[in-house]
Trainee: 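Quick one: the structure is below, questions incoming.
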Amino acid sequence: MHVGDGASEQSSFEHVVLPHLDAGYTLALHLLRDAQDAEDVVQDAVLRALSYFHTLRDVREARAWFLAIVRRECYGGRGSVSARMPTVSYESAAPAHLIDAAASPEDDIQRTMLLERVAAAIDELPERLREVLLLREVQQCSYQEIARITGLPIGTVMSRLSRARAQLAAVLEGSVDVGDAS
Amino acid sequence: MSKKPDLSELIHQAMPPARAPQSLHAWARARARDAEAGRDAGTDADPQPMPIVIVRRKALSWRRALYAAGLVAAVLIGYTGRSLVSHRATTQLAQDALVAQLVDDHVQSLLPGHLMDVQSTDQHTVKPWFIGRADFAPRVVKLDSAGFPLVGGRLAYVDGHQAAALVYGRRKHVINLFMWRDRGAAAAASADEPMQRAGYSVLHWTADGLSLWAVTDASPADLMAFRDAYMRE
């Protein structure tokens, strides 16, 4: 019943699922926008994953499987993710970009501002688009994996992705820093 | 001048992958091993899923545990071995625990979205923000001319104190300046040398009845310069 035959080390939860802990944490962090909540959710997800580990048939699917559990934990029991919209803007990138911009070369500032705008634009996306985009661009999931994680048909995944990209591009197009600096 | 950036790449840079805290990794590993051991011991026959109701780790619990352990050790040593261990050693233990806490808070502050509660380069925005939130008014000064731009501030809870954390920048680095009221703190400014902890520099000094701790991944020299600039203003 367990993954693989025999309880070899390679098939243990620790070796199959835990390598994806950071991926799960990243997903939770981006969905919930709060490190403490993300930590709690991942913790719950680990417990849940442990108890359902025997249902994981294919070790190669461990990542998508675990991300699906994390996602469910993000949405379940704690109110919907969208109800948790932060009141303050979300600092998405490393804080270095906030620091001492004046001392950096012009390009750095431009880029930093652009990245901030990208993060803000992603933040503004409707939840169902944002989630698919995060899975694709941040987690680098395949369409199949995203379909499995979200339970959506693959066609829906693709259309949501393209809508998310289009919306982002539209938002960023309007801002000065996209494309050639002027 | 610059070519049009690729959207995917931009998104990836704007939302970089995060690392789960070490404490979470350690906890998950321990649980996995526990479960493994339980399974080997024959719980396999029991189809019941593992109980989901596990005591949820309290936020920062391991930090508190670390601190508590430090305190307990300090008290024990102080109590049983007063003649064996100098007072200096016991305070050293307590201080180590405190420094670990501060470094930890500093590291956590670098996580996305955790750097500050109030984000402003204007001291007249940052200072009033603390009023009604902290039990004292931190001195918020602008240090741009010394190369330490003000970035913002937030509340912290350190060593059983409510603390104010001012966030300054130093080139690409962040300096967290923690401060809290300390009755024992000398009125005159006093300072120690910077100490190193896990690659971070920590500098402690006291002034005006406050205990001040600066933590950074910038160099110790930067930290000294920062203290001098802060105290000069």
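Per chain, numbering begins at 1; letters A, B, ... match sequence-line order. Atoms considered below: every heavy atom in the structure, side chains included; atoms not considered: hydrogens, waters and symmetry mates.
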Trainee: Of the listed residues (Leu168(A), Val42(A), Val118(A), Leu27(A)), which shares the most heavy-atom pairs with chain B below a 4.5 Å separation?
Mentor: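 The answer is Val118(A).
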
Trainee: What part of Gln140(A) is in contact with chain B, defined as an atom under 4.5 angstrom from a non-hydrogen atom: side chain, backbone, both or neither?
Mentor: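 Looking at Gln140(A), just its side chain touches chain B.
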
Trainee: If you take all heavy atoms of Arg19(B) and Tyr25(A), which pair is closest and at what distance?
Mentor: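 The answer is O-CE2, 3.4 Å.
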
Trainee: Taking all heavy atoms of Pro16(B) and all of Thr26(A), pick out the closest pair and write down the distance.
Mentor: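 That closest heavy-atom pairing would be O-CG2, 4.4 Å.
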
Trainee: Which pair of non-hydrogen atoms, one from Glu137(A) and one from Ile11(B), has the smallest distance, and what is that distance?
Mentor: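 Smallest interatomic distance, heavy atoms only, reads CB-CG2, 3.6 Å.
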
Trainee: Grab the two heavy atoms, one from Ala119(A) and one from Ala14(B), that are nearest each other, plus how far apart they are.
Mentor: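 Closest heavy-atom pair between Ala119(A) and Ala14(B): N-CB, 4.0 Å.
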
Trainee: What distance separates Ser8(B) OG from Arg165(A) CZ, expressed to the nearest 0.5 Å?
Mentor: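 Rounded to the nearest 0.5 Å, the OG-CZ separation comes to 5.0 Å.
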
Trainee: Within this structure, what is the CE-CD1 distance for the pair Met15(B) and Ile122(A), rounded to the nearest 0.5 Å?
Mentor: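 The CD1 atom of Ile122(A) is 5.0 Å from CE of Met15(B), to the nearest 0.5 Å.
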
Trainee: First locate atom CG of Leu21(A), then atom CZ of Arg29(B), and finally report the distance between them rounded to the nearest 0.5 Å.
Mentor: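 One gets 9.0 Å once the value is rounded to the nearest 0.5 Å.
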
Trainee: Measure across Asp22(A) and Ala20(B) and return the closest heavy-atom pair with its distance rounded to 0.1 Å.
Mentor: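 The pair with the smallest heavy-atom distance is OD1-N, 2.7 Å.
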
Trainee: Sort Val46(A) into side chain, backbone, both or neither according to what part of it lies under 4.5 angstrom from a heavy atom of chain B.
Mentor: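 When you check distances to chain B, only side chain atoms of Val46(A) fall under 4.5 Å.
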
Trainee: When rounded to the nearest 0.5 angstrom, what is the spacing between CG in Leu115(A) and CD in Glu9(B)?
Mentor: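 Result: 9.0 Å between the selected atoms.
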
Trainee: Let's test your reading of the structure: which of Val17(A), Leu133(A), Val138(A) forms the most heavy-atom pairs below 4.5 Å with chain B?
Mentor: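 Top option by heavy-atom pairs under 4.5 Å: Val138(A).
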
